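Some notes on the structure that comes next.
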Amino acid sequence: MIPTVIYDGFFEDPDKIVEYANTLDYPENNSNYPGIRSNLLHQINPGLYSYVSDRIIKIFYPDSETCRFESLMGFQKINPLHIEKYNNKNRGWIHRDINSQFGGIIYLNKNPEPDTGTSIYEPKKLENHFYNGYSNEIKTKFYLGEEVSDDEYEIGFTSTEDNWKETVKVENVYNRLFAFNGRSWHGVKTFGSDERLTLVFFFKYLFDNDRDAPLDRL
C-alpha cells in the first residue's frame, strides 16, 4: 500500500514550472471535475513528465531502478466558481479517484489562500459511501457549464457533504506535494478568490518486483 505523504519543495525551480503552465492551452472541460486541465503531460512534455514521475517514485522506492508504473498528470486551473468564497458552488465535492492506486496534487500558487488545500474524509456511516444519482447529475451538469440553480445545487451538494467527517487537512503551500492512497475520499474546502493552479497526478499502478510497497514493509 502507498502511504499519505506531504513533501515540501518538490520542484527545484517552481517559478519556472508556473511560467510554463501558463503558456499551455487548457481545453474546454468535458468531464465532471472543476475548472480546466491541460493536455496530458506525457503527450505534451515527455521530459517534464519523466522528471515528475521519477521524483514521485523515489519518495516510495528511493533506491529502486526497476519500478514499473502507469500514470497520468496535467496542470489544472480553477477560477472562482462563485463570488462568495465559501459558497458551496466554490467548494470541491468529496470524491475518490477511481482506478488509481494513488494520486495527488502539487500546489503552484505562490501566495495561496487558507483552506484551498485538500482534506481527507471518512464517511460517518458505511451506507453513505457513495453519491445518490441526483447529486451526481447536479455535479456533472455544473462542471460541464450547464445551468444549475442555487437551490438545485444546494440540495445535491449538502445531501452528500453532511455524510462526511474530516480526518486530515493539508494546506495549500507553494511547491508542496500531497499524495494519498486511491481509496482516500478527499475534497477542497474552497477554491478561493483567485485562480488556483496545481499539477494533478494519478498513478494507476506503481510496483517493484524486488520490493514490497512501503506500508507492506512494516
Side-chain angles (χ1 to χ4, degrees), residues 1-12 14 16-18 20-21 24-78 92-108 117-118 120-121 129-131 136 139-140 143 168 170 175-188 196-218:
M1 290 179 60
I2 297 295
T4 298
V5 171
I6 299 171
Y7 176 18
D8 287 333
F10 182 82
F11 288 113
E12 295 180 3
K16 186 176 180 179
I17 299 299
V18 172
Y20 170 69
L24 298 176
D25 293 326
Y26 289 78
E28 184 178 350
N29 187 344
N30 61 359
S31 190
N32 63 347
Y33 55 79
I36 49 179
R37 289 179 181 171
S38 70
N39 292 314
L40 294 172
L41 202 55
H42 73 273
Q43 297 173 340
I44 60 175
N45 193 329
L48 180 57
Y49 168 78
S50 294
Y51 172 80
V52 175
S53 296
D54 288 347
R55 287 182 67 80
I56 293 173
I57 290 168
K58 288 188 181 300
I59 294 173
F60 304 110
Y61 296 95
D63 301 318
S64 177
E65 300 295 334
T66 59
C67 282
R68 297 176 62 185
F69 70 96
E70 181 178 337
S71 67
L72 299 174
M73 62 184 69
F75 294 98
Q76 182 168 6
K77 291 183 175 184
I78 306 175
W93 290 66
I94 297 169
H95 67 286
R96 60 181 176 180
D97 302 324
I98 305 299
N99 299 323
S100 290
Q101 181 186 4
F102 73 96
I105 188 168
I106 304 171
Y107 304 106
L108 293 171
T118 309
I120 302 295
Y121 295 86
H129 244 61
F130 304 103
Y131 288 124
N136 267 326
K139 180 178 85 163
T140 300
Y143 286 154
V168 176
V170 176
N175 203 23
R176 166 178 285 177
L177 174 145
F178 178 37
F180 42 85
N181 191 281
R183 294 182 295 181
S184 297
W185 292 86
H186 54 283
V188 182
R196 183 178 186 263
L197 175 64
T198 58
L199 175 62
V200 295
F201 57 87
F202 310 92
F203 275 72
K204 185 175 181 179
Y205 62 82
L206 168 63
F207 67 91
D208 187 329
N209 287 329
D210 300 326
R211 301 182 183 209
D212 291 331
L215 292 182
D216 295 332
R217 299 175 206 153
L218 300 178

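Just so it is clear, the model here is predicted, and its values are computed rather than measured. Side chains included, hydrogens not; waters and symmetry mates left out as well; all remaining heavy atoms used.
- A donor-acceptor pair is defined here as one N or O able to donate and one able to accept, closer than 3.5 Å; no such pair exists between the side chain of Ser100 and the backbone of Phe202.
- The heavy-atom pair separating Thr198 from Val200 by the smallest distance is OG1-CG1, 3.8 Å.
- Taking CZ of Phe201 as the start and CG of Leu41 as the end, the distance is 12.5 Å to the nearest 0.5 Å.
- Applying side-chain contact (heavy atoms from CB on, under 4.5 Å) to Phe75 and the options Val18, Leu199, Ile44 leaves one that passes, Leu199.
- A distance-only check finds no donor-acceptor pair linking the side chain of Arg37 to the backbone of Gly74 [under 3.5 Å].
- Ring planes of Phe207 and Tyr205: tilted class, angle from 30 to 60°.
- Checked by atom type and distance alone, the side chain of Asn29 pairs as donor or acceptor with a backbone atom of Tyr33 at under 3.5 Å.
- At a threshold of 4.5 Å between non-hydrogen side-chain atoms, the residues Trp93 and Asn32 do not count as touching.
- Although no hydrogens or angles enter the test, the distance criterion places a donor-acceptor pair under 3.5 Å between the side chain of Tyr49 and the main chain of Ser71.
- With contacts defined as side-chain heavy-atom distances shorter than 4.5 Å, the pair Phe102/Ile56 qualifies.
- Phe11 contributes atom CZ, which lies 4.0 Å from atom CD1 of Ile106 (distance to the nearest 0.5 angstrom).
- Ile120 and Ser184 make their closest contact through CD1-CB, 4.1 Å (heavy atoms, listed as atom of the first residue, atom of the second, distance).
- Closest non-hydrogen pair, Phe180 versus Thr118, comes out as CE2-CG2, 4.5 Å.
- To the nearest 0.5 Å, atom CG of residue Leu24 and atom CG of residue Asn39 are 8.5 Å apart.
- When side chains are defined from C-beta on, Val5 counts as touching Phe60, because their heavy atoms get closer than 4.5 Å.
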Test side-chain contact (heavy atoms from CB on, under 4.5 Å) applied to His186 and Val168, step by step: CA-CA 9 Å; His186 54 283; Val168 176; over 6 Å; no
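- What you find for Gln101 and Leu206 is that their closest heavy atoms are OE1-N, 2.6 Å.
- No more than 12 heavy atoms of other residues, nucleotides or ligands sit less than 6.0 Å from atom NZ of Lys204.
- Between Asn175 atom CG and Ile17 atom CD1 the span is 8.5 Å, to the nearest 0.5 Å.
- Annotation: the span from Leu108 atom CG to Gln76 atom CD amounts to 11.5 Å, rounded to 0.5 Å.
- The backbone N or O of Trp185 sits nowhere less than 3.5 Å from a side-chain atom of His95 that would complete a donor-acceptor pair.
- In this structure, the side chains of Tyr61 and Thr66 stay at 4.5 Å or more apart for every pair of heavy atoms.
- The structure places CZ of Arg55 at 6.0 Å from CD of Glu12, a figure rounded to the nearest 0.5 Å.
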